[in-house]
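The residues of the chain are indexed from 1 along the displayed sequence.
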Amino acid sequence: MNDFPSTVALIVRQTRYQILYFFRVPVALFFTLILPIVMLVLFNALFGDQSIEAGDGEWPIRQFYTGGLAAYTAVSATYSNLGNMVPIRRDEGILKRWRSTPLPTWAYLSGLILSSIVIAVASVILMLVMGVVLYDLSIEWVKMPAAAVTLLVGVASFAALGMALVSVIKTASSSAAMVNATILPLAFISDVFIATDDGGFLHTVASIFPLKPFVNAFQDCFNPFVDGSGFSPGRLAFVAAWGAVGLLIAIKRFTWEPSGAPSRRSRRAARSATG
């Protein structure tokens, strides 16, 4: 008999399985990857000749869109993807069946979350390549370490927030509404689709939540008018703090069974009573 797979092997296999599953779900693939690309092409076709004020000069808006939509794609691949897909699997009983297998529950969840992070990183790279090839996105290699760290902090934090959202969603039918209600309004005031004025009311509201700091920190890594290495430690700490809160909520409230299903303790008590 072969030895039980190692921890790393289990996580790698689950991550690979979840990535394959993702590409077999057309709706998830469209909203996570294809839609942001369509938005990038469409916005640049409509407004690509304009510029925005950025530091000591004017930044072409086509480059502004590339950085902002790349960051939004990362959020979509983690927060939105997990928030939509996990409740569906829970209501269909898939999570419950996985839990009854010899596979450790942490290995399944690790593969689920890591797959969303891998998809997010791959999607961002694709968006940036399009920005360089089609829209003259400026790449300063001295800022690329900051871009990588910012992306990793962002996707990890939004993955945790996505699982936190899953823990409060009652049914799969409400997941899409919950996800869109919590992320789309913020996207419009977080420099993803339009640049908001610093100091304004919407700027203040957006700064309370983690999307705008993440988007701005990532955009700065590609803004030629931002000096230095591109690191934004204050913004990254703020985003990471939100992620930590999301992780605590997910650990405390996450359930494997649909809302309304009797708990394992209740089922054991019922079996004992009838027993």
Side-chain angles (χ1 to χ4, degrees), residues 36 39-40 43 46-47 50-80 82-83 120 124 127 143 146-147 149-165 167-169 176-250:
M39 295 169 66
L40 177 65
F43 287 171
L46 294 174
F47 312 112
Q50 301 179 22
S51 300
I52 61 172
E53 293 293 331
D56 297 327
E58 292 188 345
W59 194 21
I61 202 166
R62 60 183 180 273
Q63 298 177 13
F64 166 85
Y65 278 139
T66 301
L69 286 171
Y72 181 73
T73 300
V75 174
S76 179
T78 49
Y79 179 84
S80 301
L82 291 171
V124 168
M127 294 282 284
K143 294 181 180 178
V149 172
T150 301
L151 178 59
L152 291 177
V153 171
V155 295
S157 297
F158 279 99
L161 289 169
M163 294 303 292
L165 182 66
S167 69
V168 299
I169 291 176
M178 289 283 287
V179 169
N180 291 328
T182 54
I183 201 65
L184 275 180
L186 286 179
F188 280 97
I189 61 175
S190 298
D191 296 340
V192 174
F193 307 129
I194 55 176
T196 56
D197 295 330
D198 290 344
F201 173 73
L202 293 180
H203 170 82
T204 302
V205 172
S207 298
I208 299 173
F209 300 96
L211 182 58
K212 182 179 177 64
F214 172 55
V215 170
N216 290 159
F218 193 71
Q219 285 174 324
D220 283 353
C221 298
F222 302 93
N223 188 338
F225 300 104
V226 173
D227 297 327
S229 63
F231 274 103
S232 301
R235 290 169 175 163
L236 294 184
F238 184 77
V239 173
W242 267 91
V245 172
L247 180 62
L248 291 175
I249 294 174

With ring centroids as reference points, do F238 and F214 lie under 6.0 angstrom apart?
no

Measure across L151 and A74 and return the closest heavy-atom pair with its distance rounded to 0.1 Å.
CD1-CB, 3.9 Å

Are any side-chain N or O atoms of T182 and backbone N or O atoms of V179, one a donor and one an acceptor, separated by less than 3.5 Å?
yes

Enter the distance from R235:CZ to K212:NZ here, rounded to the nearest 0.5 Å.
8.0 Å

Heavy-atom check, side chain of M163 versus side chain of I249, under 4.5 Å:
no

Is the backbone N or O of D191 less than 3.5 Å from a side-chain atom of Q219, with the two atoms forming a donor-acceptor pair by type?
yes

Please find the pair of heavy atoms, one from A146 and one from C221, that lie closest to each other, and give the distance.
C-SG, 3.7 Å

If you look at every heavy atom in A160 and A250, which pair is closest and at what distance?
O-CB, 4.5 Å

Is the ring pair Y65/F47 parallel, tilted or perpendicular, if the boundaries are 30 and 60 degrees?
tilted

Would you mind reporting whether S229 and K143 have side-chain heavy atoms less than 4.5 Å apart?
no

Of all the heavy-atom pairs spanning I183 and S80, show the shortest one and how long it is.
CG2-OG, 4.1 Å

Run through V239, D220, V226 and flag the one making a side-chain contact (heavy atoms from CB on, under 4.5 Å) with S232.
D220

Spatial distance of atom CD1 (I52) from atom CZ (F64) [nearest 0.5 Å]
4.5 Å

Just so I know, are the side chains of I189 and L186 near enough to count as touching, which here means a heavy-atom distance under 4.5 Å?
yes

Considering only heavy atoms from C-beta outward, does the side chain of L211 approach that of Y79 to under 4.5 Å?
no

Heavy-atom closest pair, residues V215 and G68
CG1-CA, 4.0 Å

Quick one: closest heavy-atom pair of F218 and G67, and the distance?
CD2-O, 3.6 Å

Are side-chain heavy atoms of S51 and W59 found at a separation under 4.5 Å?
no

The ring pair (Phe, Tyr, Trp, His ring centres under 6.0 Å) partners of F231 (sequence neighbours excluded) come to none

Looking at T73, is its backbone amide N or carbonyl O close enough to the side chain of S76 to form a donor-acceptor pair, meaning the two atoms are under 3.5 Å apart?
no

At what distance, to the nearest 0.5 angstrom, does CG of N223 lie from CD of Q63?
8.5 Å

Sorted by chain and residue number, the ring pair (Phe, Tyr, Trp, His ring centres under 6.0 Å) partners of F193 (sequence neighbours excluded) come out as F43, Y72, F188

Mind checking the CG-CH2 spacing from L161 to W242? Nearest 0.5 Å is all I need.
7.0 Å

